[in-house]
Asker: 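Have a look at the structure that comes next, please.
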Amino acid sequence: MDKFRITGGRALSGRVSISGAKNSALPCMAAALLSAETVTLHNLPYVRDIITQRRLLEDLGATVLTPELRTHKISASHIELFEAPYELVRTMRASVLVLGPLLSRFGKAKVSLPGGCAIGTRPIDLHLVAFEKLGAEVKLEGGNVIARAPNGGRLVGGEIQFDKVTVTGTENVMMAATLARGVTVLQNAACEPEITDLAELLNKMGARVRGAGTSRIEIEGVEELGSAQHTIIPDRIETGTFIAAAAITQGDLEIKDCQPLHLAAVIDKFRQVGVSIEEINPSTLRVSCPKKLTAKDVTTQPHPQFPTDMQAQYMALMTQAEGKAVIEETVFENRFMHASELQRMGARISIDGRHASVTGPTPLTGAPLIASDLRASASLVLAGLVAKGETIIDRVYHIDRGYEKIEAKLRNVGADIERIRESVTASLPHVPQPGMAAEV
Ligand code: EPU
């Protein structure tokens, strides 16, 4: 397994470009299963999860051509398998996103039920209840979800009230409803920019989706979907992570190819703690840190509030802020795994259930660390950038799942970071070892 070696203490300076959003690319790739015609996606990030999703689509029978590194032409004209097996689902939970499209277009799907993972139990019960509301028969058998449309035919539109806001749940059901008979209304739908991006793609394919980006989405089913070209939105979490990197190193970064409107709550919070963020143009931010940081509390919540996917990075930043910050995690029940690693570097953090109190500023010292999930890894990298001495982060396959070449991007702006390749197999897709937590 690869590691990162970081020697902290350098202020970052220069320009960094943001990649396409992984969490938008994954559902958009799954959406290609809804059509027999080619769907072309541009600006896909070059990260492990996209490679895994591609493999899943190919296993199902789709052909995926890559005329350029970040462009996939996906043709699902000859789907032969209607199943996402355990080996893949346990490597990447987002593989459950094929359930909605397969069920909707072919009237059947079998997907291994993802277990708990490093950040929480993460059931998919809300997806399944919604499919039942659309007329599907859903059974659990041998650890798999087996879903069938009524009489093996079409789903039927209906009214769905999500008990809790769920991002992939909203995406899965929105995709399923595009080919259902009649109208589907999703209430308490997720409002994340990734939902809007997916809806845009679906509409380009000929779907009739209205209201995406609000908590009420209406989908009028159509007979079939066609081809489309779509460019994936910039990754708002990668953007936020680089803002945190500029701030924690007291650096000065120009962050380009981003969409600041998608992370308004993050920008607002960073400004409150003393980070200077200037919008040079609609897709470029200039971030610097002219004064001392002041600790501020934060609560993670669904969009448009502060995202859970920025909580770990914010915690790293708060170790360098004056005062005490209380961080409340309301989305996932076990998303403070990075705290104990940060403590080993000297951070003063106490955890009480869903609250973490960080008291700063604390000088951090480099240490050997273990990454536990994607965003936790990012927070350890941030801490390593400001720590005195050398930090070695193990299991960086987590970060490779969602950050495109993070070490190269950081090195380009002055960080002292390198990848230590452990073995030849390091470059092959990661296979979880027995006893290791399943993936996020
Ligand atoms: N939940 C249920 N039942 C369900 C679905 C969700 O109880 O059927 C609960 C979850 O356990 C969690 C909460 O609802 O407590 C929200 O979960 P959600 O379904 O919104 O999460 P997700 O769709 O599985 C996506 C992102 C995550 C991100 C969350 C929250 C993708 C592929 N993943 O997960 O991204 O943290 O939304 O914004 O879009 C990451 O990129 O590092 C990552 C974990």
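The structure presented is a predicted model; accordingly, all values stated were derived computationally and were not measured. In each ligand, atom 1 is the first atom listed, and ligand 1 is the first ligand listed.
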Asker: Output the list of atoms in ligand 1 that are nearer than 4.0 Å to some heavy atom of Arg122, sorted by atom number.
Answerer: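 Here the atoms of ligand 1 in question are 11 (O), 22 (P), 24 (O), 34 (O).
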
Asker: Residue-level breakdown please: for Thr166 versus ligand 1, do any non-hydrogen atoms fall below 4.0 Å on the side chain, on the backbone, on both, or on neither?
Answerer: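 It is both backbone and side chain that touch ligand 1.
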
Asker: With heavy atoms of Thr308 as the reference, note each atom of ligand 1 found under 4.0 Å away.
Answerer: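 Listed by number with element: 30 (C), 36 (O), 38 (O).
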
Asker: Does ligand 1 have an atom under 4.0 Å from some heavy atom of Arg335?
Answerer: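 For ligand 1, residue contact (heavy atoms, under 4.0 Å) with Arg335 is present.
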
Asker: Taking the side chain as every heavy atom from C-beta outward, state whether Ile248 and Leu12 have any pair of such atoms under 4.5 Å apart.
Answerer: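 No, every pair of side-chain atoms sits at 4.5 Å or beyond.
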
Asker: Applying a 4.0 Å heavy-atom criterion (strictly less than), which segment of Asp309 is in contact with ligand 1: side chain, backbone, both, or neither?
Answerer: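 Contact part for Asp309 vs ligand 1: side chain (C-beta onward).
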
Asker: Any idea which atoms of ligand 1 are less than 4.0 Å away from a heavy-atom of Ile124?
Answerer: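 The list of qualifying atoms is 4 (C), 8 (O).
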
Asker: So is Glu171 polar-close to ligand 1, meaning N/O to N/O under 3.5 Å?
Answerer: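 Not met; the criterion fails.
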
Asker: Mind checking whether Ala94 has an N or O less than 3.5 Å away from an N or O of ligand 1?
Answerer: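 No, Ala94 has no N/O under 3.5 Å of an N/O on ligand 1.
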
Asker: For ligand 1, which atoms, with element, lie under 4.0 Å from some heavy atom of His127?
Answerer: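 Near His127, the atoms of ligand 1 are 8 (O).
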
Asker: Phe306 vs Tyr314 aromatic rings, parallel, tilted or perpendicular, using cut-offs 30° and 60°?
Answerer: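 Rings of Phe306 and Tyr314: perpendicular, as their planes differ by over 60°.
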
Asker: Any Lys/Arg nitrogen of Arg210 or Glu218 sitting under 4.0 Å from an Asp/Glu carboxylate oxygen of the other?
Answerer: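 Salt bridge between Arg210 and Glu218, a charged N being under 4.0 Å from a carboxylate O: yes.
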
Asker: One residue to check: Ile237. Relative to ligand 1, which of side chain, backbone, both or neither has a non-hydrogen atom less than 4.0 Å away?
Answerer: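 Looking at Ile237 and ligand 1, no heavy atom falls under 4.0 Å.
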
Asker: Is the closest N or O pair between Glu333 and ligand 1 shorter than 3.5 Å?
Answerer: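 Glu333 vs ligand 1: no N/O contact under 3.5 Å.
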
Asker: Could you tell me whether Glu83 and Lys108 have a side-chain N and a carboxylate O separated by less than 4.0 Å?
Answerer: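 Judged by the 4.0 Å cut-off on N to carboxylate O distance, Glu83 and Lys108 do not form a salt bridge.
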
Asker: Under a 4.0 angstrom heavy-atom cut-off, which atoms of ligand 1 come close to Val165?
Answerer: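 Going through ligand 1 atom by atom, the ones under 4.0 Å from Val165 are 16 (C), 20 (O).
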
Asker: Applying a strict 4.0 Å limit to heavy atoms, is Lys22 in contact with ligand 1?
Answerer: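 Contact present.
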
Asker: Decide, yes or no, whether a salt bridge links Lys110 with Glu141 under the criterion of side-chain N to carboxylate O below 4.0 Å.
Answerer: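 Here Lys110 does not pair with Glu141 in a salt bridge, since their nearest N and O are not under 4.0 Å apart.
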
Asker: Identify, by atom number and element, the atoms of ligand 1 in contact range of Val167, meaning under 4.0 Å from any of its heavy atoms.
Answerer: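 Once the distances to Val167 are compared, the set is 18 (P), 19 (O), 20 (O), 23 (O), 25 (C), 37 (O), 38 (O).
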
Asker: Is it true that Glu407 and Arg419 have a side-chain N and a carboxylate O under 4.0 angstrom from each other?
Answerer: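 Judged by the 4.0 Å cut-off on N to carboxylate O distance, Glu407 and Arg419 do form a salt bridge.
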
Asker: For the backbone of Thr300 and the side chain of Thr330, can you confirm whether one donor and one acceptor N or O come within less than 3.5 Å of each other?
Answerer: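 A pair under 3.5 Å: yes.
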
Asker: Salt bridge check, Arg55 against Glu58: does any charged N sit closer than 4.0 Å to a carboxylate O?
Answerer: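 Looking at Arg55 together with Glu58, the answer is no, because their closest N to O distance does not fall below 4.0 Å.
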
Asker: Please determine if Val331 has a nitrogen or oxygen closer than 3.5 Å to a nitrogen or oxygen of ligand 1.
Answerer: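 Right, the criterion is met.
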
Asker: So, does Gly169 sit close enough to ligand 1 that a heavy atom of it is under 4.0 Å from the ligand?
Answerer: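 Under 4.0 Å: no for Gly169.
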
Asker: For atom 14 (O) of ligand 1, which candidate among Gln311, Lys164, Glu194 holds the nearest heavy atom?
Answerer: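 Among Gln311, Lys164, Glu194, the closest heavy atom to atom 14 (O) of ligand 1 belongs to Lys164.
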
Asker: Can we say Lys22 and Asp49 salt-bridge, meaning some charged N sits less than 4.0 Å from an Asp/Glu carboxylate O?
Answerer: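 Salt bridge between Lys22 and Asp49, a charged N being under 4.0 Å from a carboxylate O: yes.
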
Asker: Where the closest heavy atom to atom 21 (O) of ligand 1 is concerned, which of Tyr403, Phe162, Phe332 has it?
Answerer: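 Residue with the shortest heavy-atom distance to the ligand atom: Phe332.
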
Asker: Is it true that Lys164 and Asp125 have a side-chain N and a carboxylate O under 4.0 angstrom from each other?
Answerer: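 Between Asp125 and Lys164 there is no salt bridge, as every charged N stays at least 4.0 Å from the carboxylate O atoms.
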
Asker: Does ligand 1 have any atom sitting under 4.0 Å from a heavy atom of Thr170?
Answerer: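 Not so, Thr170 does not reach ligand 1.
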
Asker: Which atom pair, heavy atoms only, marks the closest approach of Ala265 to Gln305?
Answerer: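 The answer is CB-C, 3.7 Å.
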
Asker: Between Arg375 and ligand 1, which residue portion shows a heavy-atom distance shorter than 4.0 Å: side chain, backbone, both, or neither?
Answerer: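 The answer is the side chain of Arg375.
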
Asker: Is a salt bridge present between Glu238 and Lys409, judged by a nitrogen-to-oxygen distance below 4.0 Å?
Answerer: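 Yes, charged N to carboxylate O under 4.0 Å.
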
